[in-house]
Novice: 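Dropping the structure in here first, questions after.
Order of listing sets the numbers, starting from 1, for every ligand and every atom in it.
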Amino acid sequence: MFVYKFGGSVLKDAGGVRAAAGMVKKAGTALTVVVSAFGKTTNALEEIAGMTWRQEKGTEEKLQALRGYHLQIIRDLFGEKSIAEAKAEEIFYDLEGLLKIPPGNTAEKWYDAVVSFGELLSGVIVGEAFRQEGIPLTEVDVRQVIITDDHYRQARVIPEITAKKIKEAFGKEEGVSLTQGYIAATEEGVPTTLGREGSDYTAALLGSVLGAEKVVLWKDVPGVMNADPAVDKEAVHLPGISYQEAAEMAFYGARVIHPKTIKPLVNSHIPLVVRGLFSPGNEGTIIWDLEEMVRHVPVFIRKERQLLLSVFPRDYSFILNKHLEDLFGLFREWRLNISLIQISAISVSFCIDDPGALFMDRVKILQEKYEVYFNRDTELWTFRHYEEGVLRKKMQGCLTLVEQRTRLTAQYVIKRI
Ligand code: ASP
Ligand code: MG
């Protein structure tokens, strides 16, 4: 059995949905298919949720635009008055109902309920497209299968219950099971989400529990490159990389793979393949136990919207384990992702994903015990298997705030000047 995941970058119009159906038909084996929301639907839903929450005007137009976008795809695929259209209209009716309920003090919970609609829509539309192609289909509502805690927007999967439910719902010997990525629910059935771009992780989770032969992420790029081709003209395609390399790349910001995707696959040695849906001749990138292949491929990854936070104990005491324990505890509670740490005698600096609007409240709490300095709008640049010449060239015109090097990796927190 293979797991195929189709992301929003390929499922963005009728052509993309047809191409996905074509690929599924060609697979020639039992398949579990995971879909994300079409195109930029999750962004649109996020915006709608935010505007509704802040009681701003204009949500109705945004909602109608999103509805129009989906109806266009449906009509391109099935013509007028299709089953898919009736199903989508029902979903939009429910979404409208939800947007009328004022969120009160449960904004995060409500946010997850709203953004889940993207995958609910793509799920039914892709399902109808598969049926139209004569694909034997079982549809599974992932919210009854992937069970999480109630940390909305970044929910953690409860492994035992989830594994049991996945095995019950999927694992058919033949045919195609179709389900949604990114969304999940608590044990009580309240919708949650696994963190933005989390559909890759859903696919990996299903693949690992079901012992898939491989998990394939179908993308609009032909695989993983050693740098972002949009900014680096010398970027090259990587045919194979190790789990370790992929984990490093994902962690430090290579957007082609979601950071949580690797872990579920490593222990079961399931290969993860990243392939271009529209690049038929290209085998893509295989991520597997490929230790030797990767040693010498230089990789350059940029992580944007970073925040450099420096913390000093107020009494000028040395940084001790108790301070670190305290700070890590708070970061864990706030689910701040730390990408780099640097400790000096009397301070400790963290490079973290900027938590946006929440940040200043966090700073206030830290200031109760620490002197706090921060620098927003920084970037973390990571060079794996680096060469001095390349480093020097790339770092021109940047202000280096932090530098760290090991034998394999050079990292810089920089500010563009
Ligand atoms: N639709 C979700 C998002 O855009 C999940 C995903 O695309 O993987 O964040
Ligand atoms: Mg998406």
Side-chain angles (χ1 to χ4, degrees), residues 3-13 16-17 20 32-50 62-63 65-66 69-70 73 88 91-92 95 108 110-127 140-143 145-146 148 151-157 178-185 191-207 215-221 224 246 250-251 253-265 272-277 303-305 335 337 353 355-356:
V3 176
Y4 275 7
K5 178 248 161 174
F6 297 97
S9 65
V10 292
L11 300 174
K12 61 179 192 307
D13 51 25
V17 176
T32 300
V33 177
V34 176
V35 291
S36 339
F38 288 170
K40 304 247 175 273
T41 297
T42 311
N43 290 0
L45 287 167
E46 242 182 8
E47 218 186 329
I48 291 169
K62 292 243 182 280
L63 188 64
L66 193 64
Y69 168 62
H70 282 83
I73 296 178
I91 294 173
F92 271 104
L95 175 57
E108 306 271 290
W110 181 77
Y111 166 96
D112 270 1
V114 173
V115 297
S116 299
F117 276 80
E119 271 71 13
L120 298 181
L121 284 161
S122 64
V124 299
I125 299 165
V126 171
V140 179
D141 183 341
V142 84
R143 295 169 302 172
V145 176
I146 297 188
T148 67
H151 197 109
Y152 300 102
R153 303 182 74 155
Q154 281 286 346
R156 286 210 182 104
V157 172
L178 173 69
T179 198
Q180 309 90 348
Y182 171 60
I183 64 176
T192 56
T193 59
L194 304 174
R196 286 301 311 272
E197 310 298 332
S199 299
D200 290 358
Y201 173 48
T202 305
L205 208 59
L206 294 176
V215 173
V216 185
L217 308 177
W218 292 99
K219 306 254 174 188
D220 65 342
V221 290
V224 180
F251 186 79
R255 258 164 298 180
V256 70
I257 317 156
H258 189 273
K260 285 184 182 169
T261 313
I262 309 296
K263 189 176 155 225
L265 302 174
L272 176 68
V273 180
V274 180
R275 269 187 86 168
L277 185 61
K303 203 173 190 194
E304 293 168 332
R305 282 185 297 282
R335 303 221 174 169
N337 297 321
D353 294 340

Novice: Do ligand 1 and Asp200 have nitrogen or oxygen atoms that lie under 3.5 Å from each other?
Specialist: no
Novice: Provide the closest heavy-atom pair for Tyr182 versus Arg196 in the form atom of the first, atom of the second, distance.
Specialist: OH-CD, 3.5 Å
Novice: Which distance, rounded to the nearest 0.5 Å, do you find between the CD of Glu119 and the OG1 of Thr41?
Specialist: 8.5 Å
Novice: State the atoms of ligand 1, each with its element, that fall below the 4.0 Å cut-off from a heavy-atom position in Ser36.
Specialist: 6 (C), 7 (O), 8 (O)
Novice: With a cutoff of 4.0 Å, is Gly181 in contact with ligand 1, counting heavy atoms of the residue only?
Specialist: no
Novice: Between Lys5 and Ala203, which heavy-atom pair has the shortest distance, and what is it?
Specialist: CB-CB, 3.8 Å
Novice: Does at least one non-hydrogen atom of Lys40 fall below 4.0 angstrom from an atom of ligand 1?
Specialist: no
Novice: Which of these, Glu46, Arg196, Lys5, has its nearest heavy atom closest to atom 4 (O) of ligand 1?
Specialist: Arg196
Novice: Got an N/O contact under 3.5 Å between Tyr182 and ligand 1?
Specialist: no
Novice: Within a distance under 4.0 Å of any heavy atom of Glu119, pick out the atoms of ligand 1 and give their elements.
Specialist: 1 (N), 2 (C), 5 (C)
Novice: Using 0.5 Å steps for rounding, measure from the OG atom of Ser122 to the CZ atom of Phe117.
Specialist: 13.0 Å
Novice: Nearest 0.5 angstrom please: Ile48 CD1 to Leu66 CG, how far?
Specialist: 5.5 Å
Novice: Return yes if a side-chain donor-acceptor contact under 3.5 Å exists between Thr193 and Asp112, otherwise no.
Specialist: yes
Novice: Say whether Glu197, considering both its backbone and side-chain N or O atoms, lies within less than 3.5 Å of an N or O atom on ligand 1.
Specialist: yes
